[in-house]
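Every value quoted in this text rests on a predicted model; they were computed, and no experiment measured them. Each chain gets a letter, A, B and so on, in the order the sequences are listed, and its residues count up from 1.
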2 protein chains.
Amino acid sequence: MNMKEFSEVTGLSAHTIRYYEKIGLLRHIERTKSGHRTFSKNDLVWIEFITRLKQTGMPLQQILKYADLREKGNSTAIARMDLLKHHSEALEEKLRQETQHLKKLKEKIEYYENLILSQNA
Amino acid sequence: MNMKEFSEVTGLSAHTIRYYEKIGLLRHIERTKSGHRTFSKNDLVWIEFITRLKQTGMPLQQILKYADLREKGNSTAIARMDLLKHHSEALEEKLRQETQHLKKLKEKIEYYENLILSQNA
DNA sequence: GCTTGACTTAGAGTTAACTCTAACTTGTAC
DNA sequence: GTACAAGTTAGAGTTAACTCTAAGTCAAGC
């Protein structure tokens with residue numbers, strides 16, 4: 001898969017993909033003999049995982065730590081699992097808070113609805 | 001309420017509070033004759049609302065739009081309600097996605113748990 | 001073989017949201 | 001009345017995560 005295609009399927013710009021490689025989120029990307037990147041199915045799976053972590057609010061620095069552990073092989077399985085466990089707990093807490101915020105927002109919307117009804121009465 | 005107290009109850013630094021005033025998120029903050037800010041109960045309610053919007057991912061620019069509408073009085077009630085409705089819909093969608101992400105994360109954690117069990121067997 | 005679009009790099013620029021600094025003034029506890 | 005903590009301003013600096021630029025090389029269709 002060339003850069004264009006990879007960019008399209010991941011939804012990330014070529015700039016962003018190169019940036020991710022530069023900071024070490026993507027590693028060992030194959031190259032053609034002329035120097036162009038060639039992305040594999042594995043690269044795709046990995047970047048989708050990165051995207052998932054990112055979309056749940058994990059900063060790239062911490063994703064990088066996961067990438068470092070992954071690089072070191074099987075012996076780091078427990079450390080990686082711990083990292084994911086912490087993150088999923090934080091995410092659960094965030095979900096609880098956001099749910100609470102949503103409820104309050106809806107109450108405020110309802111307040112506006114009543115206000116507007118009474119203005120038109 | 002002076003700056004120190006307001007900072008403590010809101011959990012925001014004095015720097016951040018002044019910054020919020022500078023960009024127009026906080027307006028008409030009273031001053032003592034010597035120039036020190038004095039925050040009211042109203043200011044507190046308003047900043048808690050700002051914080052809620054912020055914590056659900058609304059950028060300050062958009063919160064500022066809400067503040068502008070609020071400034072203009074009752075005639076903007078519908079516009080403000082619309083803004084909140086859009087945001088609460090976006091938030092609902094975000095919650096759905098995060099819930100999905102959480103599920104996948106937990107699956108991955110379970111995968112690690114099994115892996116580690118089999119390594120120790 | 002030439003055009004046009006895609007690719008490469010190093011490094012500069014941008015944006016949001018703070019965060020800090022310097023230089024100074026005010027308030028409060030002894 | 002003197003420390004010292006807390007307040008003020010304008011403006012500079014920081015951080016994360018891109019995003020773009022310049023200057024060039026490569027690939028594919030005609």
Fill in the blank from the handout: From CZ of A:R37 across to P of D:dC26 the rounded distance in Å is 15 Å

Practice task
Would you tell me if any nitrogen or oxygen in the side chain of B:S34 comes within less than 4.0 Å of OP1 or OP2 on D:dT8?
Solution key: no

Problem - Greater than 12 external heavy atoms within 6.0 Å of A:I78's CD1 - result: no

Fill in the blank from the handout: Contacts of B:Y19 and A:T38 projected onto DNA chain C by closest heavy atom; the upstream (5') one is A:T38

Practice task
Could you tell me whether B:E110 atom CD has more than 12 heavy atoms of other residues or ligands within 6.0 Å of it?
Solution key: no

Problem - Geometric class of the A:F39/A:F6 ring pair [parallel <30°, tilted 30-60°, perpendicular >60°] - result: parallel

Problem - Other residues, nucleotides, ligands: >12 heavy atoms within 6.0 Å of B:E30 CD - result: no

Exercise for the section: To the nearest 0.5 angstrom, please state how far the OG1 atom of A:T99 sits from the NZ atom of A:K94. Expected result: 11.5 Å

Practice task
Using a strict cut-off of less than 4.0 Å between a Lys/Arg side-chain nitrogen and an Asp/Glu carboxylate oxygen, indicate whether A:R27 and A:D68 qualify as a salt bridge.
Solution key: yes

Problem - A:Y66 versus A:R80, side-chain donor and acceptor atoms under 3.5 Å - result: no

Exercise for the section: Find the distance A:H36:NE2 to D:dG24:P and express it as a whole number of Å. Expected result: 16 Å

List, with names and distances, any nitrogen or oxygen atoms from the protein found under 3.5 Å away from nitrogen or oxygen atoms belonging to nucleotides 28-30 of chain D.
none

Problem - Covered region of DNA chain C, 5' end to 3' end, by chain A [heavy atoms, under 4.0 Å] - result: C:dA6 to C:dG11

Handout entry: Candidate list B:L25, B:I47, B:L60, test side-chain contact (heavy atoms from CB on, under 4.5 Å), partner B:K54, passing option
Key = B:L60

Exercise for the section: Check every strand shown and say whether B:F6 touches a base, only sugar-phosphate, or nothing at a heavy-atom separation below 4.0 Å. Expected result: nothing

Practice task
Determine the contact category for B:K22: base if any of its heavy atoms lies under 4.0 Å from a base atom, sugar-phosphate if only primed atoms, P, OP1 or OP2 are that close, otherwise nothing.
Solution key: base

Problem - Atom pair distance, as rounded to whole Å: NE2 in A:H15 and P in D:dA22 - result: 12 Å

